[in-house]
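The structure appears right after this line, and notes come after that.
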Amino acid sequence: MKKKVKKSFNSVKMSKDVEKKIMDETVDKRVVKNYKLRWGLMLCLVILGITFKSEIVIAAREIVSLIWERGILITSNGNGYRVFEDVKGVKYNEIPSTYMVGKEFETTVEEVEKILGIKLLKYDKASSNNVYCTFLPVIEKHSERKGKIDRVYLRQLNFYTNYGYSELLGLDYGYYLRTEIISSEADEFTKLDFLEELNTMGGKNMLEEYYSNNLQTKVFIYNYDYKPSWVEVEALFVYKDIRYEITGVFEKDVPLDDLKDILENMHL
Amino acid sequence: MEDKFLEYFNKYKDDIYRLAYSYLGSYSDTDDVVQVVFMKLFKNINKLNDNVKGWLIKVTINECKTYFLSSWYKKITLFSDEIDIKDKENENDLLDEIMKLDKKKRVIIYLYYYQDFKIKEIAKLLKMKENTVKTNLVRARRELREFLKEENDEEES
């Protein structure tokens, strides 16, 4: 199969036109500097950005509050999350993603707390207060209509926020925090998956396991037993039924003390 | 700086193009994304360490994700009930079959079979759990094997 796959992809190549465009924009630097157009475009982008951002926040609030209380109507197609349908509690069938609309949006920690009525742990040195929020919906089969997905409920909600994260060379070096909240309506499969992150630790090397005085819970710090081009260390713990995962990604060593300093300085 | 850029561009342009294509499933979208990727390479060429290929792969995946989240892409999907992701016929049947898989499976197949990445590395690149990568790979293999089996049967008969 390997040979055949390689052979099949060999026919996919960059066209001469695209090559030329890239050369024009880089090495040849034949960029037309039309400042008037550029300023006009920037102004339009700023106006669009302001409008779009406020729409996102409103949409996020409506969507999340609807789903958190169960039930949202999916009315349009699009690319989104893969969803699994529970069949007889054992087998999971994948629902084509074309039925779902992707739900990922940028919001703030405060907005999330307000919407969900919860408090998330914070760290003073966070470089950004923005949160990338994604949710994993699950289909609820209330309708008998075939081929239509009518209602979903929230199974799991993920937030990503950054501590010293920078888009250095397009790579996410620094620390980022992933928070997962599981819905009380989640199926057993999801609940098990949620808990297993703490219990099994498969494929991970435990570096340290200690009781945090600040968080009043056990913290697991581990890395992976392979050597990619970057180094990664993760700290995992559960605080007030919310699972937190802090990941440190660096080019060389990640100092454990640095990571523990974050853990011991987190607060509500 | 320009020589260095040209060296990497010529070395990796097709690999990056294939990766973006496997993710996006459309030649016109791929053309847009690879231009952004190589513009970034040009801007950052002096700051890069030895692992330029790894950097390019990571940036390409990020750019593809961003492209899917772009308001332009969302608008296109919102107004069309079903998008025909192919804008140009491929010349080989297996590639057509690969492109019929969902995007995660396509990228995993490309990284695993074409780029020879290990499952752990793919999981890290795509920010997925290893088990998810494995499951997707098994399913993709199963779907492709069925096609390859049919193709072999046809050839034999």
Side-chain angles (χ1 to χ4, degrees), chain A residues 1-15 17-19 21-29 48 52 55-56 76-80 82 94 96-98 101-102 104-106 160 167-172 178 193 196-197 202-203 224-230 232 247 249 251, chain B residues 2 5-6 9 13-14 16-18 21-22 27 30-31 34-35 38-42 44 47-49 51 54-55 58-59 62-63 68-69 71 73-74 77-78 80-83 90-95 98 102-104 109-110 113-114 116 118 120-121 124-125 130-131 139 141 144-145 148:
Chain A
M1 185 179 273
K2 192 175 182 172
K3 269 187 189 172
K4 286 187 176 181
V5 170
K6 284 204 173 190
K7 202 178 155 192
S8 74
F9 268 108
N10 278 338
S11 64
V12 179
K13 282 179 181 171
M14 188 183 281
S15 69
D17 275 356
V18 177
E19 266 189 45
K21 274 184 195 168
I22 293 170
M23 286 300 127
D24 285 350
E25 294 288 322
T26 54
V27 179
D28 294 346
K29 290 177 188 169
L48 267 174
F52 192 58
E55 277 177 12
I56 286 175
S76 59
N77 295 336
N79 282 307
R82 287 163 58 237
E94 190 175 342
S97 61
T98 44
V101 178
E104 176 171 308
F105 44 84
E106 192 179 345
Y160 292 87
E167 283 194 9
L168 176 68
L169 310 180
L171 289 173
D172 45 353
R178 189 159 72 101
D193 191 44
E196 271 188 347
E197 275 287 316
Y224 295 90
D225 55 3
Y226 64 100
K227 303 272 178 208
S229 54
W230 57 88
E232 188 166 319
T247 305
V249 187
E251 275 184 292
Chain B
E2 288 173 6
F5 172 79
L6 283 173
F9 177 74
K13 63 181 181 189
D14 289 330
I16 292 307
Y17 194 86
R18 285 170 192 133
Y21 178 68
S22 68
Y27 285 105
T30 304
D31 289 349
V34 293
Q35 284 180 59
F38 283 105
M39 285 289 284
K40 283 197 170 179
L41 174 67
F42 189 74
N44 296 302
K47 301 176 203 162
L48 292 173
N49 57 17
N51 190 8
W55 181 86
K58 189 87 197 220
V59 171
N62 287 344
E63 286 303 323
F68 269 120
L69 289 171
S71 54
Y73 187 84
K74 279 179 181 168
T77 56
L78 196 67
S80 64
D81 285 335
E82 206 162 304
I83 320 155
N90 288 312
E91 286 165 6
N92 62 71
D93 294 340
L94 179 58
L95 186 59
I98 293 171
D102 71 48
K103 67 172 181 282
K104 256 183 215 164
I109 284 282
Y110 175 73
Y113 284 115
Y114 198 94
D116 299 320
K118 290 182 177 133
K120 280 177 183 176
E121 290 169 322
K124 202 52 47 194
L125 279 168
E130 281 174 42
N131 279 342
R139 285 181 184 167
R141 267 187 202 143
L144 292 177
R145 268 192 190 135
L148 289 171

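Residue numbering restarts at 1 for every chain, and letters A, B, ... go by the order of the sequence lines.
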Exercise for review: Could you walk me through whether B:Ile98 and A:Lys4 pass side chain to side chain contact (heavy atoms under 4.5 Å, CB included), step by step?
Suggested key: CA-CA 11 Å; B:Ile98 293 171; A:Lys4 286 187 176 181; over 6 Å; no
Practice item. Begin with the C-alpha distance, continue with both residues' side-chain angles, and end with the deciding distance and a verdict on side chain to side chain contact (heavy atoms under 4.5 Å, CB included) for B:Phe38 and A:Val18. Key: CA-CA 11 Å; B:Phe38 283 105; A:Val18 177; over 6 Å; no
Check your understanding: Should A:Ser15 and B:Tyr27 be marked as a side chain to side chain contact (heavy atoms under 4.5 Å, CB included) after you check the CA-CA gap, both sets of side-chain angles, and the distance that decides it?
Key -> CA-CA 10 Å; A:Ser15 69; B:Tyr27 285 105; over 6 Å; no
Review point. Side chain to side chain contact (heavy atoms under 4.5 Å, CB included) between A:Lys13 and B:Tyr21: does it pass, once the steps are laid out?
Key: CA-CA 9 Å; A:Lys13 282 179 181 171; B:Tyr21 178 68; over 6 Å; no
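Nearest heavy-atom pair, A:Ile22 versus B:Val34, reported as atom, atom and distance to 0.1 Å: CD1-O, 4.1 Å. B:Phe5 and A:Met23 make their closest contact through CE2-CE, 3.9 Å (heavy atoms, listed as atom of the first residue, atom of the second, distance).
Of the two parts of B:Leu6, only the side chain, counted from C-beta on, holds a non-hydrogen atom closer than 4.5 Å to a non-hydrogen atom of chain A. For chain A, the nearby parts of B:Tyr114 are the backbone and the side chain; heavy atoms of each come within less than 4.5 Å. Neither the backbone nor the side chain of B:Asn131 comes within contact range of chain A; no heavy atom of the residue lies under 4.5 Å from a heavy atom of that chain. Interface residue B:Tyr110: backbone and side-chain heavy atoms are both found under 4.5 Å from chain A.
For the atom pair CE (B:Met39) and NZ (A:Lys21), the distance works out to 13.0 Å, reported to the nearest 0.5 Å. Separation of atoms CD (B:Gln35) and CD (A:Glu19) is listed at 11.5 Å; rounding is to 0.5 Å.
Within a 6.0 Å radius of NZ in B:Lys118, no more than 12 heavy atoms belonging to other residues, nucleotides or ligands are found.
Judged by distance alone, with hydrogens and angles left aside, the side-chain atoms of B:Asp14 form no donor-acceptor pair with the main-chain N or O of A:Val12 at under 3.5 Å.
Taking 4.5 Å as the limit, some side-chain heavy atom of B:Arg18 sits within range of a side-chain heavy atom of A:Asn10.
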